[in-house]
Amino acid sequence: MASSSLSIVRRMYLTLYNWIVFAGWAQVLYFAVKTLKETGYENVYDAVEKPLQLAQTAAILEILHGLVGLVRSPVSATLPQIGSRLYLTWGILYSFPEVRSHFLVSSLVISWSITEIIRYSFFGFKEALGFAPSWHLWLRYSSFLLLYPTGITSEVGLIYLALPHMKTSEMYSIRMPNTLNFSFDYFYAAILVLATYVPGSPHMYRYMLGQRKRALSKSKRE
């Protein structure tokens, strides 16, 4: 009885979580497309800033969901994806206004928002109804074929564009001497982040291809 009640509470919570974050990403996409049409890519960031920050930061809960066993997604796969998104949202776009008017912001925001609209609505249906329509399953496991490369290219491009501003501003860098006897250079940390995309991106793409194969072959058997 207790486990049945817990299962209902879990499904209700995850249904609510997925549809709330879905609504956030739908807002991001709407404002991005509207601004692109009306005033151009230079103003897209200003139009989507708040909903983007809220929707992306809410993804931190997904790491907790994996850690406490609410979902089966491995934290090892969730953490790098969410970590890189948070880094772009707060460590690049929020921190360096100089890159916000670049067209890569539009491709980043649109790639992310379409991906997340599909993903959160897919899981929203699964938690609420116990299943998702077959077309939705196909979208969930196929849209990344295009959107992952456009998203990753935009991420790498924006980090690269921010590098000179990191160097001149020395934002978030810690210089010696100090009481902690510790130094940190945000510019070189960003170069290290860029370097992780070289092995990390193909690895994640292969992982998602494997997921796609398993999910679509399972749906055919059913």
Side-chain angles (χ1 to χ4, degrees), residues 1-32 48-90 108-148 151-152 155 200 203-222:
M1 186 72 174
S3 63
S4 173
S5 298
L6 278 173
S7 177
I8 292 167
V9 170
R10 173 196 162 278
R11 284 186 66 176
M12 285 175 64
Y13 164 73
L14 288 174
T15 300
L16 195 63
Y17 169 78
N18 281 299
W19 285 113
I20 287 172
V21 185
F22 161 84
W25 282 110
Q27 199 176 18
V28 171
L29 182 62
Y30 171 75
F31 286 139
V48 304
E49 182 179 38
K50 291 304 174 192
L52 173 68
Q53 290 170 350
L54 287 168
Q56 192 53 69
T57 306
I60 291 172
L61 288 171
E62 287 174 51
I63 299 166
L64 297 176
H65 295 164
L67 287 171
V68 301
L70 270 182
V71 296
R72 286 181 295 176
S73 304
V75 176
S76 59
T78 310
L79 192 59
Q81 284 182 301
I82 292 171
S84 66
R85 296 276 196 89
L86 288 170
Y87 174 66
L88 261 293
T89 303
W90 294 103
L108 177 85
V109 165
I110 290 170
S111 299
W112 282 5
S113 56
I114 294 173
T115 299
E116 299 300 42
I117 283 166
I118 294 167
R119 188 167 73 91
Y120 283 109
S121 58
F122 174 79
F123 287 117
F125 278 126
K126 283 202 80 172
E127 293 298 340
L129 307 174
F131 70 93
S134 56
W135 61 266
H136 211 151
L137 178 80
W138 185 88
L139 266 183
R140 162 75 180 100
Y141 289 102
S142 301
S143 57
F144 79 88
L145 293 167
L146 172 65
L147 296 171
Y148 187 78
I152 288 292
E155 289 178 28
H203 171 75
M204 281 305 301
Y205 200 70
R206 284 194 299 270
Y207 170 77
M208 289 188 291
L209 282 171
Q211 270 196 319
R212 180 179 191 269
K213 190 177 178 181
R214 283 191 298 274
L216 296 185
S217 61
K218 185 183 174 186
S219 72
K220 281 179 186 173
R221 289 198 302 271
E222 292 170 354

- Which pairs with one or both residues in residues 18-31 pass salt bridge (charged side-chain N to carboxylate O under 4.0 Å, His left out), sequence neighbours excluded? none

- Item | Contacts of Phe22 that satisfy side chain to side chain contact (heavy atoms under 4.5 Å, CB included) - sequence neighbours left out | Trp19, Ile117, Tyr120, Ser121

- Query: For Arg212, which residues count as a salt bridge (charged side-chain N to carboxylate O under 4.0 Å, His left out) partner, sequence neighbours excluded?
  - Reply: none

- Query: With sequence neighbours excluded, what pairs up with Leu137 under the side chain to side chain contact (heavy atoms under 4.5 Å, CB included) test?
  - Reply: Phe122, Tyr141, Leu216, Ser219

- Item | Pairs satisfying salt bridge (charged side-chain N to carboxylate O under 4.0 Å, His left out), at least one member in residues 8-21, at least two apart | Arg10-Glu127

- Residues which pass side-chain hydrogen bond (donor to acceptor under 3.5 Å, both in side chains) with Tyr13, listed by chain and number, not counting sequence neighbours: His65

- Is Thr57 reaching over with its side chain to a backbone N or O of Leu54, donor-acceptor style, under 3.5 angstrom? no

- Message: Within the structure provided, determine whether Thr89 and Trp112 are in side-chain contact (heavy-atom separation under 4.5 Å).
- Response: yes

- With sequence neighbours excluded, residues passing side-chain hydrogen bond (donor to acceptor under 3.5 Å, both in side chains) with Glu116: Arg85, Arg119

- Message: Are Tyr205 and Tyr148 an aromatic pair, judged by ring center distance below 6.0 Å?
- Response: yes

- For Glu49, which residues count as a side chain to side chain contact (heavy atoms under 4.5 Å, CB included) partner, sequence neighbours excluded? Tyr45, Gln53, Tyr94, Arg100

- Message: When you compare the side chain of Met208 with that of Lys213, does any pair of heavy atoms fall below 4.5 Å?
- Response: no

- Sorted by chain and number, sequence neighbours left out, side-chain hydrogen bond (donor to acceptor under 3.5 Å, both in side chains) with Tyr17 holds for Glu62

- Item | Pro51 to Gly24 - nearest heavy-atom pair and separation | CB-O, 4.2 Å

- Query: Would you say the side chains of Trp25 and Thr115 form a donor-acceptor pair under 3.5 Å?
  - Reply: no

- Task: Any chance you could measure Leu88, atom CG, to Leu108, atom CG, to the nearest 0.5 Å?
- Result: 5.5 Å

- Query: Is the shortest heavy-atom distance from the side chain of Val28 to the side chain of Ile110 under 4.5 Å?
  - Reply: no

- Message: Run the side chain to side chain contact (heavy atoms under 4.5 Å, CB included) test against Leu16 and tell me which residues pass, sequence neighbours left out.
- Response: Ile20

- Heavy-atom closest contact (Gly124 atom, Thr15 atom, distance): O-CG2, 4.2 Å

- Evaluate the side-chain proximity of Phe125 to Asn18: yes if any heavy-atom separation is below 4.5 Å, no if none is. no

- Item | With sequence neighbours excluded, residues passing side-chain hydrogen bond (donor to acceptor under 3.5 Å, both in side chains) with Ser111 | Thr150

- Message: Under the side-chain hydrogen bond (donor to acceptor under 3.5 Å, both in side chains) definition, can you give me all pairs with a residue in residues 71-80, not counting sequence neighbours?
- Response: none

